[in-house]
Amino acid sequence: MTPHPPSSDPSPVVVLENAQHRYGRHQVLQGIDLTVSPGECAVLYGANGSGKSTLLALLSTRYTLREGRYLLDGIDVRQEPHEARARLLFIGHHTHLYGHLTPLENLQFFTSLRTIPTTDQQLRHVINTVGLNKAVDKPVQWFSAGMRKRLALARLLLAHPKLLLLDEPYSALDTQGVGWLNAMLTTFLHNGGSLIMASHDPERVAALPHRPWQLARGRLHPISNAQESEAC
Amino acid sequence: MLIQAIYRIAWKDVVGDLRRRATLSSMLFFAISVLVVFQAAFEPDRQEALRLLPGLLWATTLFTTLVGLGRVFQAEEEDGAFEGLLLASVPRGVIFFGKWLGNLLLTLLVELLILPLILVLFNVDAWKHVPAILAILALGTLGLTGLGTLLAAMTRGARSRETLLALLLLPLTAPMLIAGVQAIAGILQADGIVAPWIKLLTIFDLVYLALAPWAFGWLVEE
Amino acid sequence: MNILKKIQLPTGILTWITLIAGVWLVFNVPDDFQQGGAVKILYIHVPSAKMALLSYLVVTVASILHLWKRSETADILAEAATSVGAAFTAMTLASGSIWGKPMWGTWWAWDARLTSMLVLLILFKGLMVLRHSLDDPVKGARATAILAIIGAVDLPIIHYSVVWWRTLHQPPSLSAGSNAGIHIAGPLLTPLLILTVAFMLLTLYMTTVKARQIEARRRLDALETARMHADE
């Protein structure tokens with residue numbers, strides 16, 4: 001196991017205790033326990049249908065947790081979902097971008113829905129940082145998949161979440177993009193953010209200090225780095 | 001802050017529509033075709049046209065609203081946008097009101113264009129009543145688009161959703177249709193009754209604008 | 001669901017007994033001096049209308065329970081009562097028309113009761129269609145439950161708006177027809193009471209059979225899904 005950086009604040013960002021999730025008559029997740037500290041990165045491995053997406057949906061509050069306990073930054077997510085949503089950012093397969101809006105307008109929309117006060121100048125700066133300065137006034141519908149991904153990740157620089165959830169973040173990124181993303185995530189972790197990502201790409205995750213977990217048949221187990229290379 | 005979020009969602013929908021020139025122009029041309037159908041079907045003379053005016057106006061509005069409602073959530077289908085909306089840190093009722101406001105603005109704009117069109121095409125001389133008629137149309141439209149936006153959310157991803165939307169919306173709007181038609185008819189007559197119908201329209205609006213955001217929250221919960 | 005299996009046969013037998021007794025009585029009481037033989041159809045019409053509304057009440061209560069407690073049993077009950085209610089609503093409209101022809105001289109009058117019943121029929125149909133238009137049965141059940149509650153709020157508004165409409169707007173000649181409504185008194189009341197009980201039993205019986213059928217159907221679907229997952 002890769003050692004994770006020690007942090008001054010010992011209280012964990014995510015505490016998930018005995019979480020269950022059923023869909024119709026199908027038990028998707030059972031007895032999930034997961035604790036993630038500030039600055040820690042947890043990577044979830046699991047085959048299709050193992051419950052990876054469901055677990056991320058539960059963590060992101062997209063699905064409502066009905067059995068078990070979920071504390072996010074000390075907030076009971078079942079009691080105060082809006083408070084919890086303000087503290088997390090989820091970036092999945094979809095970029096949640098509107099094609100008819102420009103990058104600037106998309107980010108304006110994002111910040112007003114999260115009630116984050118920002119100026120256009122700050123937004124332009126963020127767009128420059130993710131390398132989209134040439135396309136700042138073009139509608140997003142003309143963007144390539146990689147450009148959209150960059151714009152989606154730009155939200156991380158605006159939202160300052162306690163918890164970042166990523167579903168297959170490396171897809172649609174080239175080698176340069178992977179390096180750029182890992183640099184961004186390293187900074188995020190260094191500043192005390194917590195990261196949970198689903199992946200089936202141990203090689204690309206290797207650059208980040210992380211703790212691997214395996215989901216199988218709706219149950220979550222910690223695994224060692226040796227097992228990690230076989231997991232996916 | 002919450003008001004700003006409502007405004008942003010509505011702004012996004014209206015601007016998106018104007019940029020793509022999608023819903024607004026389809027609604028308008030649909031309304032014109034409905035008027036052509038009415039003219040061909042009833043061939044009213046000036047006297048009859050005046051009597052038919054309230055019904056024509058509301059029937060055209062109702063059908064045209066259906067066209068707009070079919071597209072309310074279309075922008076949210078693209079690249080998981082709806083999921084993004086639900087992850088916003090504002091209450092779900094705010095998201096509902098944002099979607100409602102966007103649809104309301106487009107519908108009001110179409111109504112503003114339809115009314116003079118009807119007066120011209122059917123040769124009705126009711127120009128002095130235009131502000132009052134528009135006020136009643138707008139009053140009914142508040143609840144109509146409230147209920148409609150909720151039903152549009154309900155039929156998201158449904159098979160043959162446009163037909164389904166019509167099947168669900170039309171019977172539930174019966175009170176609004178009755179009250180709206182009677183109120184406009186009351187305005188056009190010298191000694192017509194208007195007040196109780198305005199009351200009924202207001203009740204309809206209040207019930208749906210109170211019920212719909214709550215129902216929307218339940219609907220999107222997973 | 002077990003209790004449904006137990007009550008099905010006794011309810012069925014009781015339904016037959018009361019129905020036969022009620023119908024026998026109907027044909028052995030003297031005709032109404034004003035309305036003649038046509039009055040007999042009211043013995044079907046009145047209980048049908050009551051059962052249509054009772055079924056909608058059951059659908060509403062079951063829908064609230066489904067949303068609140070996530071009870072699948074409540075959802076099955078709602079689905080069953082929807083079909084049964086639709087049947088009784090159609091029966092009410094048909095029998096009302098047949099009675100209206102000799103009494104009012106028309107098959108149909110736009111009075112508050114008939115109009116509300118017609119809207120109720122469309123609403124029942126809407127509930128059935130909505131449930132099966134969504135591919136995900138869990139979402140279908142949820143949307144249907146919400147629609148049922150909205151309908152329950154709308155029905156009284158529809159009823160009163162039609163009442164207002166008739167009183168404020170229509171010339172009295174027409175509304176007099178609908179006011180010459182339904183009067184049943186004295187010895188004619190006994191068969192009506194018995195038939196109302198019979199129709200209640202019939203509603204219970206039909207809902208039981210339908211609910212068991214839906215339950216079996218869903219169990220089969222769940223098995224099929226499980227089999228597909230096992231093949232994967």
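Just so we're on the same page: letters track the sequence lines, and every chain starts at 1. The shown structure was predicted, so the numbers you read here are calculated from the model rather than taken from an experiment.
A heavy-atom distance below 4.5 Å is not found between the side chains of A/Leu113 and B/Ser89. In this structure, A/Val77 and A/Arg69 have side chains that are not in contact, with every pair of non-hydrogen atoms separated by 4.5 Å or more.
Salt-bridge formation is not detected for the pair A/Arg87/A/Glu80: no Lys NZ or Arg NE/NH1/NH2 atom is positioned less than 4.0 Å from an Asp or Glu carboxylate oxygen. Comment: B/Asp79 engages A/Arg148 in a salt bridge, judged by a side-chain N to carboxylate O separation of less than 4.0 angstrom.
Separation of the A/His21 and A/Tyr63 ring centroids falls under the 6.0 Å cut-off. Taking the six-membered ring where the residue is Trp, the centroids of A/Phe109 and A/Tyr98 are separated by under 6.0 Å.
Heavy-atom minimum distance, A/Leu58 versus A/Tyr70: O-CE2, 3.6 Å. Shown here for B/Ser26 and B/Val67, the closest heavy-atom pair between the two residues is CB-CG1, 4.3 Å.
Looking at B/Ile6, there are no atoms closer than 4.5 Å to chain A (heavy atoms on both sides), in backbone or side chain. For A/Leu97, the part lying near chain B is the backbone, with the side chain staying farther off; criterion is any non-hydrogen pair under 4.5 Å. Only the side chain of A/Gln141 comes within contact range of chain B, judged by heavy atoms closer than 4.5 Å. Proximity to chain A (any heavy atom under 4.5 Å) is shown, for B/Val94, by neither the backbone nor the side chain.
Annotation: maximal heavy-atom pairing with chain A below 4.5 Å, among B/Glu78, B/Gln4, B/Lys12, occurs at B/Lys12. Contact count versus chain B (heavy atoms, under 4.5 Å) is highest, among A/His93, A/Glu105, A/Arg114, for A/Glu105.
A distance of 6.0 Å separates CZ of A/Phe110 from CZ of A/Arg155, quoted to the nearest 0.5 Å.
Residues from residues 157-170 of chain B never place a non-hydrogen atom less than 4.5 Å from a non-hydrogen atom of chain A.
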